[in-house]
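For reference, the structure discussed in these notes is given below.
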Amino acid sequence: MQKPNQFIQLRLQKLARLRELGVDPYPIESHRSHKIGEILEDKDEWIAQQTQLSLCGRLVAMRRQGKLGFGNLEDDSGRVQIYVQRDLVGEDNYEIFKLFDAGDFVQIRGTMFYTQSGEYSIKATEVTMLSKNIRPLPAVKEKMEDGRLIRYDEFSDIELRYRKRYLDLLLNPSHRQVFLWRSRIISGIRSFLDARGFVEVETPILQPLYGGANARPFITHHNTLDVDLYLRIATELYLKRLIVGGFERVYELGKDFRNEGMDRTHNPEFTMLELYQAYTDLRGMMEITEALFHYIADEVMHKSVYRFRGYDIDLKQPFRVATMTELVKEHAGIDRSDMDYDRALAFCTQRELEIPEGAGVGRLIALLFDEYVEEKLIQPTFVVDYPKEISPLAKAMPGNPLLADRFELFMAGYEFGNSFSELNDPVDQRTRLEAQAALKAMGDDEAQVVDEDFLEALEYGMPPMGGLGIGMDRMVMLFTENDSIKEVILWPQMRPE
RNA sequence: GCAUCUCUAGCUCAGUCGGCAGAGCAACUGACUCUUAAUCAGUGGGUCCGGGGUUCGAAUCCCCGGAGAUGCACCA
């Protein structure tokens, strides 16, 4: 009876045979003259010129038949057939070729030609092993028929795809494409912001205090300092310190970490864009948000309507702007938007919503919004007039002390962005953070903490400004039309096996 | 956290009423100097997610546990 690793045993034997033939199966040197994508352009020219080529890549299929053999060679630019004939490469080299397997990295020297059946191929004059595969790849075969790709067998087990992402990328080109788009979207964002005079910065991930959002943090420990540190839940408070320091437009694209549940829109570590711009406010942030989505749609994706969560999200139309209370009125079956505490409480109680301890009218309205409105906001909608009570870092609206100058952007029922005119009154900010600390003391483990160093920075003076945060993973989900965050994060969090 | 579903060969899956563990592809051996899901002939390959129970007999039924998916709850 063969052992479970029978495949590996057999390939190790081939490895030994290669060494017996004097071949290093893992040589240092490789020589690539052209990428496969290049030689797929102007095919007749490559044949007419009989250019001497040296192609490198992974063998993804092998069809040996006696004294000749075919294979498919793939690099990151394309795939081409190789043709290896004993009489052309010589007997010794052909012995080496016979030890090639699908999965090996190899180098093929030769010239291009068309086979008798018309397939554009490289006719080998020499084959070289570059890196021997000892664990066979899952078999995925495919063929083109009438321009359509037909796949036989698959590598589709979701758990395996996430845990062995390299196999998913290798065997499922459409999944590889998602991450190419992700990369282009992120660099598109950089181009967009750089062109507007923003400076990209990096702030600490390991922080002595966490802040800038309502969430539970991860805690870690630094040995030399012998202190516990938090993994950041937001970049906000450090970016604001930079505005105090004289930068006028900054942004950071990076990971935040929140010690909370996981589902198809939440991963414990996720990528966030935050930006801050001095001498503008919420209106400026609204403009930049809409412009950013339009820019990515037009310049990166070249498409304006996205099929997402069963909806057609149209990014071409101007984004709707609506106040939270009017939306609550519209969707929660409430007949008036001028709610005071008693009325809001009555609505919540009537609907059997759980009232958090210490909740004022603002949190109650937000509760109704979460419960009845969020999922109904399909086309891009800026929700404005947020309760100040749930916006401890935002400026109050002039003339209405209960509201903050804040918006959140919703599409397809999901939050996509969060923005406000940033609070720069150090005295007010202290009061608000102390209120958060009081909530924390009452058991709200997501309430914020008082960051004295941040407050001190504000006391030195911070200009009026707008700030914005956009979740990158969700943005990539929208633009690549994926309903699960795990499809757009290379290694989503999984339980250890 | 709760509920439902899934877990069988390297991959994708079938497995009836509880009665010998199966297929395709992959792998191996042989044949083959224009194949391309190569073909033809042959061969090997299993902790049926793990543990326990019921039974003459369990992939199958029951219990406990694990992982994943989905929904709900929590959460931005």
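Naming: A, B, ... by sequence-line order, numbering from 1 per chain.
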Can you check whether F218(A) reaches P268(A) side chain to side chain, under 4.5 Å on heavy atoms?
-> yes
For nucleotides 26-28 of chain B, tabulate all protein N/O to nucleotide N/O atom pairs closer than 3.5 Å, reporting atom names and distance.
residue, atom, partner, partner atom, Å
A26(B), OP1, K141(A), NZ, 2.2
C28(B), OP1, K14(A), NZ, 3.0

Under the side-chain contact (heavy atoms from CB on, under 4.5 Å) test, residues paired with F105(A) that sit two or more places apart = R58(A), L130(A), S131(A)
For K98(A) and G30(B), what is the distance between atoms NZ and P respectively, to the nearest whole Å?
-> 9 Å
Do F454(A) and Q429(A) have side chains that get closer than 4.5 Å, going by heavy atoms?
-> yes
F410(A) and F369(A) aromatic centres sub-6.0 Å | yes
Who passes salt bridge (charged side-chain N to carboxylate O under 4.0 Å, His left out) against E236(A), sequence neighbours left out?
-> K240(A)
Could you pull out all residues at least two apart from K440(A) that satisfy salt bridge (charged side-chain N to carboxylate O under 4.0 Å, His left out)?
-> none
Contact class for Q116(A) vs. all strands (heavy atom < 4.0 Å): base, sugar-phosphate, or nothing?
-> base
Every protein N/O within reach of nucleotides 2-7 of chain B N/O, cut-off under 3.5 Å:
none

Pick the P atom in C5(B) and in C74(B), then give their distance to the nearest Å.
-> 24 Å
Base-paired stems in RNA chain B, each at least three Watson-Crick or G-U pairs under 3.5 Å = B:1-7 with B:66-72, B:10-13 with B:22-25, B:27-31 with B:39-43, B:49-53 with B:61-65
F420(A)-Y386(A) aromatic ring centre distance below 6.0 Å | no
Which part of the nucleic acid does N72(A) contact within heavy-atom distance under 4.0 Å: base, sugar-phosphate only, or nothing?
-> nothing
